[in-house]
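This report concerns only the one structure given below.
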Amino acid sequence: MTFKEEIQQGIPEQLPEIKAYDTEVNHAPKRKKILTSEEEQLALRNALRYFDKKHHATLLPEFKAELKEYGRIYMYRFRPEHKIYARPISEYPGKSEQAKAIMLMIQNNLDHAVAQHPHELITYGGNGAVFQNWAQYRLVLFYLSQMTDEQTLAMYSGHPLGLFPSHKDAPRVVVTNGMMIPNYSQPDDWEKFNALGVTQYGQMTAGSYMYIGPQGIVHGTTITVLNGFRKIKKAPKGGLFVTSGLGGMSGAQPKAGNIAGCVTVCAEVNKKATQTRHSQGWVDEVISNVDQLCKRVKEATKAKETVSIAYNGNIVDVWEAFDTHDIKIDLGSDQTSLHNPWAGGYYPVGLTYEEANEMMANNPEAFKKEVQKSLRRQTDAINKHTDKGTYFFDYGNAFLLEASRAGADIMAKGSEKEFRYPSYVQDIMGPMCFDYGFGPFRWVCASGKPEDLQKTDTIASEVLETLKKDAPEEIQQQMADNIQWIQGAQENKLVVGSQARILYADAEGRMKIASAFNKAISEGTIGTVILGRDHHDVSGTDSPYRETSNIYDGSRFTADMAIQNVIGDSFRGATWVSIHNGGGVGWGEVVNGGFGMVLDGTKDAQRRLESMLFWDVNNGIARRSWARNEEAVFAIKRAMKNNPQLQVTLPNFVDDTLFN
């Protein structure tokens, strides 16, 4: 059976052969047992409804065994025969080019070179899923292969509800993930309802089909590291950046450190994750002995090398050893998946990787105690370094929040609410980027041709060079950093999976770059381009401990911005839209929305990109302005001057002396 035939088959009439469990693949940890016997039966009924009744007797014991062994029903038997990766758009079957583009992006998310746990359909973050099971994968691709430009596919947490009549300007796909009634959004609620097969955690760009591998976060991490060194008034050369995590998102850190020009040490307990990043060239060296690590770091900082080192082991051991050996850490952070602390997002010190996986599945209460004990110990070690001058920041995966819940010494003096360390958004990304409208714009060349990506890099660089000439002083540094990034993108070999690129840009930059792409497509210079962004952006995410942590008017615990964002994108021309509970910092902690947009060189595409991209950014700037963020007030006034149709309510600033 050909690739196209398998896609168009959907769920097969005849059962495929059972597939052997592949031990070479990085698998998700076993989920804890949380369902009652009655709920287990419900989960099995829910799984079997995808299949003809004649197969139920065969599949029931199989699915029952999966639920017992892994805590979930993945339907491994139905993994496709075809290799999953982002093919050129011309190789996908279908009636709609937009639908073909979405299939390309789904397959990129599940590419073995991209996905963290590909056989469990998890892209990154330990539980960031594209689908809950392989039946959903098969059914979604079937629907997309049948779709016309006057239909919309409704996606309920990985489940394709069906194709519905719509119109050409409607989104082709509308995605929701984990949209729970608020009182049912605790971590154990995710465990339960995900095990039942009725919801999933889509992370940010996993369940919205817009992940582009670790490159997706490299640019933002590079900006963060560069500005972190600027903040402490030290050049990166010879400086030391210490952090943890080499997974789907955190794996960007060593590459970002190399681009910035410092020495980077990144700890990772999962050797397969370390091997993946090392083989891809995203980390230079791997060391498994902490004393050897100390010696190597001293050499590297003294010689002012630009080098990234992965430590096969626990980050707590690194913080403690560097204190004992008196190694000065300039920048410190943590990017373990602490949004998911009890199910593989954080591995406690003192346990091997295998011991931790066994404990989290079979003795979850003991595992939780070990995690919290480890967080207290890690915080104590970090505090010793910050007392000696280290600048530490939370990279937004809930380290500060979970450390506080563990009773660690993490709160600011005299405060029960404020942390002693900032989120990187509070100090760096918020005031320097998001408030001005700069965020992670990205694109994918649907032809799959590296030469198309190179052409788009050149086009984007030329657009930014032109814009920089007339840009106000307030954003000159951002423009310069982004031009340097895009001009070095080819040399830095950032592509993993699809021919994709990320670039921090404001609304004007995004619209001008997209317009230039659309023109080049119409002239036949390049093929179809798919636009998107990380949800970690100006307007897409309401997250009080990350994206909106620099909102100080009391509204950072509201989610109006993210909801308005995805609704507005829907009727302004997005090809697909998504809204999620939980991406980035955890289930119940954030609401975030994303989009995808296909550029095909037409006037329709031009009309849509101008309308949608302007709203997608300025919605967030307007909200940040109303929160009295001065950089955002500047940015929204500039936007209103450039577009007279924009009229935004501006805040009046109150004199502080009135309250004295």
Would Ser337 and Tyr124 count as a side chain to side chain donor-acceptor pair (under 3.5 Å) if you check the C-alpha gap in whole Å, the side-chain angles of each, and the deciding distance to 0.1 Å? CA-CA 9 Å; Ser337 299; Tyr124 65 90; over 6 Å; no
Check against side chain to side chain donor-acceptor pair (under 3.5 Å), Ser96 and Asp149: CA-CA 6 Å; Ser96 164; Asp149 285 341; 2.6 Å; yes
Take Met210 and Met105 through the test side chain to side chain contact (heavy atoms under 4.5 Å, CB included) and record every step on the way to the result. CA-CA 6 Å; Met210 191 42 71; Met105 296 303 293; 3.8 Å; yes
Side chain to side chain contact (heavy atoms under 4.5 Å, CB included) between Asn550 and Asp435: does it pass, once the steps are laid out? CA-CA 9 Å; Asn550 71 318; Asp435 284 353; 3.3 Å; yes
Where do Val590 and His580 land on the side chain to side chain contact (heavy atoms under 4.5 Å, CB included) test, with the steps shown first? CA-CA 8 Å; Val590 51; His580 301 182; over 6 Å; no
Give the intermediate values and the outcome of side chain to side chain contact (heavy atoms under 4.5 Å, CB included) for residues Asp560 and Arg623. CA-CA 9 Å; Asp560 298 86; Arg623 184 268 175 98; over 6 Å; no
For side chain to side chain donor-acceptor pair (under 3.5 Å), just list the numbers for Ser543 and Glu589, CA-CA rounded to whole Å, side-chain angles, deciding distance to a tenth of an Å, and then say yes or no. CA-CA 7 Å; Ser543 180; Glu589 303 284 0; over 6 Å; no
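Geometrically, Arg556 engages Tyr545 in a cation-pi contact, judged by NZ or CZ lying under 6.0 Å from the ring centre and within 45° of the ring axis.
With hydrogens and angles disregarded, a donor-acceptor distance shorter than 3.5 Å links the side chain of Thr152 to the backbone of Pro171. Under the 3.5 Å distance criterion, the side-chain polar atoms of Gln478 are left unmatched by any main-chain donor or acceptor of Phe438. In terms of modelled atom types and a separation under 3.5 Å, the side chain of Ser185 and the main chain of Met180 share no donor-acceptor contact. Judged purely by atom type and a 3.5 angstrom limit, Thr176 uses its side chain to pair as donor or acceptor with the backbone of Met155. Asn482 places no side-chain N or O within donor-acceptor distance of the main-chain N or O of Ala505, the cut-off being under 3.5 Å. Between the side chain of Ser539 and the main chain of Asp616, a donor-acceptor pair closer than 3.5 Å is present. Within the 3.5 Å criterion, the main-chain N or O of Gln186 finds a donor-acceptor partner in the side chain of Asp189. When atom types are taken as modelled, the side chain of Arg501 and the backbone of Gln499 share no donor-acceptor pair closer than 3.5 angstrom. In this structure, the side chain of Arg628 does not engage the main chain of Arg624 through any donor-acceptor pair within 3.5 Å. Here the side chain of Arg546 pairs no donor or acceptor atom with the backbone of His536 at under 3.5 angstrom.
When only modelled atom types and interatomic distance are considered, Asp111 and Gln107 share no side-chain donor-acceptor pair under 3.5 Å.
Of the inter-residue distances, the one linking Asp394 atom CG with Gln426 atom CD reads 9.0 Å to the nearest 0.5 angstrom. Atoms NZ and OG1, from Lys512 and Thr466 in turn, are 9.0 Å apart once rounded to the nearest 0.5 Å. Here the CD-OG1 distance, from Gln132 to Thr199, works out to 6.5 Å after rounding to the nearest 0.5 Å.
Counting only residues at least two apart or in different chains, ring pair (Phe, Tyr, Trp, His ring centres under 6.0 Å) contacts with residues 470-490 comprise His219-Trp485.
The pair Asp537-Arg510 counts as a salt bridge, with a side-chain nitrogen and a carboxylate oxygen less than 4.0 angstrom apart. Of the charged side-chain nitrogens involved, none lies within less than 4.0 Å of a carboxylate oxygen, so that Glu474 and Arg638 do not count as a salt-bridged pair.
The aromatic rings of Trp576 and Tyr209 lie tilted to each other, with the angle between the two planes from 30° to 60°. Aromatic ring pairs are classed by plane angle as parallel below 30°, tilted from 30° to 60° and perpendicular above 60°; the pair Phe517 and Trp443 is perpendicular. Between Tyr137 and Trp134, the ring planes are perpendicular. Angles over 60° get that label, and only those under 30° would be called parallel.
With sequence neighbours excluded, the residues satisfying side chain to side chain contact (heavy atoms under 4.5 Å, CB included) with Glu465 are Ser461, Ile483, Gln487.
Atom NZ of Lys455 has more than 12 neighbouring heavy atoms from other residues, nucleotides or ligands inside a 6.0 Å radius. Taking a 6.0 Å sphere around CD of Gln476, one finds it holds more than 12 heavy atoms contributed by other residues, nucleotides or ligands. Summarising the local packing, CD of Gln484 is surrounded by 12 or fewer heavy atoms from other residues, nucleotides or ligands at distances under 6.0 Å. Counting non-hydrogen atoms of neighbouring residues, nucleotides and ligands closer than 6.0 angstrom, the OH atom of Tyr156 reaches no more than 12 such neighbours. By the 6.0 Å contact criterion, OH on Tyr184 is open, its count of non-hydrogen atoms from other residues, nucleotides or ligands being 12 or less. Atom CD of Gln647 is surrounded by 12 or fewer heavy atoms from other residues, nucleotides or ligands within 6.0 Å.
Between Val218 and Ile502 there is no side-chain heavy-atom pair separated by less than 4.5 Å.
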